[in-house]
Amino acid sequence: MSELRTGPRSVWTDDDSPLPPDSWGRAGSARSALPWGFTLVIVLLVVGRFTLAPHLTAPALQTWSTIFVAICVQALPFLVFGVALSAAITAFVPASFWTRALPGNPAVAVPVAGVAGAVLPGCECASVPVASGLMARGVAPAAALAFLLASPAINPIVLVATAVAFPGQPLMVLARFGASLTVAVLVGWLWLRFGRSQWLRIPSRPHDEGPRWTRFGEAMRHDLLHAGGFLIVGGLAAATLNVAVPREWLAAVAEVPWLAILVMALLAVLLSICSEADAFVAASMTAFSPTAKLAFLVVGPMVDLKLIALQAGTFGGAFTARFVPLTFALAVLVSTLFGWLLL
């Protein structure tokens, strides 16, 4: 007769029995460990309730969470719009269209693309996926970058919002339009002259295979998941800096003209406000000069934290490390010049 051993580490040796013994293959300590694990979870929940709850209701944390949610909620519809438009360009617009629509000379295509930015009724979050789609369809990177910078600041919705935020000041609208378009064209020309292909990660050209609606859905899903993650990263950073910057410090620097311009430009980067709403924020900062407010309006749609995150994720870190400082410096200089001439 074969021997049947039922110890916790025994091997099933009873070949005549169709079923193994109850103890075969089971750890003897599993049942005893389960209550201890459940008890540990309960203890952690109770400790967290009394130690973390007071911090979760702190005013600074509530302000941080409000700003973060506001940035994401405000930007997400325009990001979806831009991703949908980019996917539509990928799926429905033939590559040959762009070669016919834009001048063959890249130097001429840059200002044409900058002016074409007026047709996109969205904010800066939408411009990144659209510019990416244009590059993927063969548009010169310098022209696509000019479109990326111009469209959030010179489209009709933004200009109307600026006019409403600054009633009786039509020169503010004109200065914003002129300064933003000038910066976009200058950056495009400089990138055309000094840019290197290894600095810019151009998206791969899509394959024109399969049904158009299938390609549209795949492109939109890919871009939305990719860009949405970087939007959240930028929103987290912007919300943190919103809470960290003291308001009293802003009032002190507003009395120094050149410092006020630089501070407002830096605030535009840190606050990361959508271009449809930034005019109302700038108008509310009554301590600052009109030129400083113009710098806020010009820099914000071109350089802010969520844009930097989106651009780095889309075009690469080497591109962002060069493009962001160049755009910021030109935006400050050009807005100062337009403010001195018009405001």
Side-chain angles (χ1 to χ4, degrees), residues 74-75 78-79 81-82 85-86 89 101-103 108-134 139-140 142-166 169-191 264-265 268-269 272-283 290-291 293-304 306-307 310-311 323 326-328 330-339 341-343:
Q74 186 182 55
F78 297 102
L79 179 64
F81 174 79
L85 184 58
S86 175
I89 292 173
L102 292 174
V108 181
V110 167
V112 173
V115 174
V119 304
L120 178 62
C123 75
E124 57 273 14
C125 297
S127 63
V128 174
V130 172
S132 173
L134 291 176
V139 174
L145 294 177
F147 180 89
L148 182 151
L149 294 177
S151 61
I154 68 172
N155 71 75
I157 294 179
V158 171
L159 296 180
V160 170
T162 305
V164 173
F166 293 91
Q169 303 180 50
L171 289 180
M172 180 63 77
V173 181
L174 179 61
R176 180 174 194 177
F177 177 88
S180 300
L181 182 59
T182 301
V183 173
V185 173
L186 289 177
V187 171
W189 279 340
L190 288 174
W191 193 267
M264 285 291 280
V269 177
S272 302
I273 303 172
C274 190
S275 59
E276 274 80 6
D278 59 359
F280 299 95
V281 176
T291 301
K293 295 177 184 178
L294 178 62
F296 182 90
L297 298 177
V298 174
V299 171
M302 298 183 178
V303 184
D304 64 28
K306 65 179 185 297
L307 258 181
L310 286 170
Q311 291 170 3
F323 184 76
L326 171 65
T327 304
F328 179 82
L330 282 176
V332 173
L333 293 175
V334 173
S335 58
T336 303
L337 178 62
F338 271 76
L341 291 175
L342 299 177
L343 304 177

Hey, does [Y] have a side-chain heavy atom less than 4.5 Å from the side chain of [X]?
{"X": "Lys293", "Y": "Phe166", "answer": "yes"}
{"X": "Thr182", "Y": "Leu330", "answer": "no"}
{"X": "Met302", "Y": "Leu148", "answer": "no"}
{"X": "Phe147", "Y": "Val110", "answer": "no"}
{"X": "Pro111", "Y": "Trp189", "answer": "yes"}
{"X": "Val158", "Y": "Ile154", "answer": "no"}
{"X": "Leu342", "Y": "Met172", "answer": "no"}
{"X": "Gln311", "Y": "Ser132", "answer": "no"}

What heavy-atom pair brings [X] and [Y] nearest, and what distance separates the two atoms?
{"X": "Leu294", "Y": "Gly339", "answer": "CD2-N, 3.7 Å"}
{"X": "Val334", "Y": "Val183", "answer": "CB-CG2, 3.6 Å"}
{"X": "Ala144", "Y": "Val139", "answer": "N-CG1, 4.1 Å"}
{"X": "Leu149", "Y": "Thr327", "answer": "CD2-CG2, 3.9 Å"}
{"X": "Ala175", "Y": "Phe338", "answer": "O-CD2, 4.1 Å"}
{"X": "Ala142", "Y": "Gly188", "answer": "CB-O, 3.3 Å"}

Sidechain-backbone polar pair: Ser180 side chain, Phe177 backbone, donor-acceptor under 3.5 Å: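 Answer holds: no.
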Spatial distance of atom CG (Leu186) from atom CG (Leu333) [nearest 0.5 Å]: 10.0 Å
Rounded to the nearest 0.5 Å, the OG1 atom of Thr162 sits from the CG atom of Leu174 at a distance of 11.5 Å
For Val187 and Phe323, what are the C-alpha separation, side-chain angles and deciding distance, and is it a side-chain contact (heavy atoms from CB on, under 4.5 Å)? CA-CA 8 Å; Val187 171; Phe323 184 76; 3.5 Å; yes
Hey, mind stepping through Val299 and Val332 against side-chain contact (heavy atoms from CB on, under 4.5 Å) and telling me if it holds? CA-CA 7 Å; Val299 171; Val332 173; 4.2 Å; yes
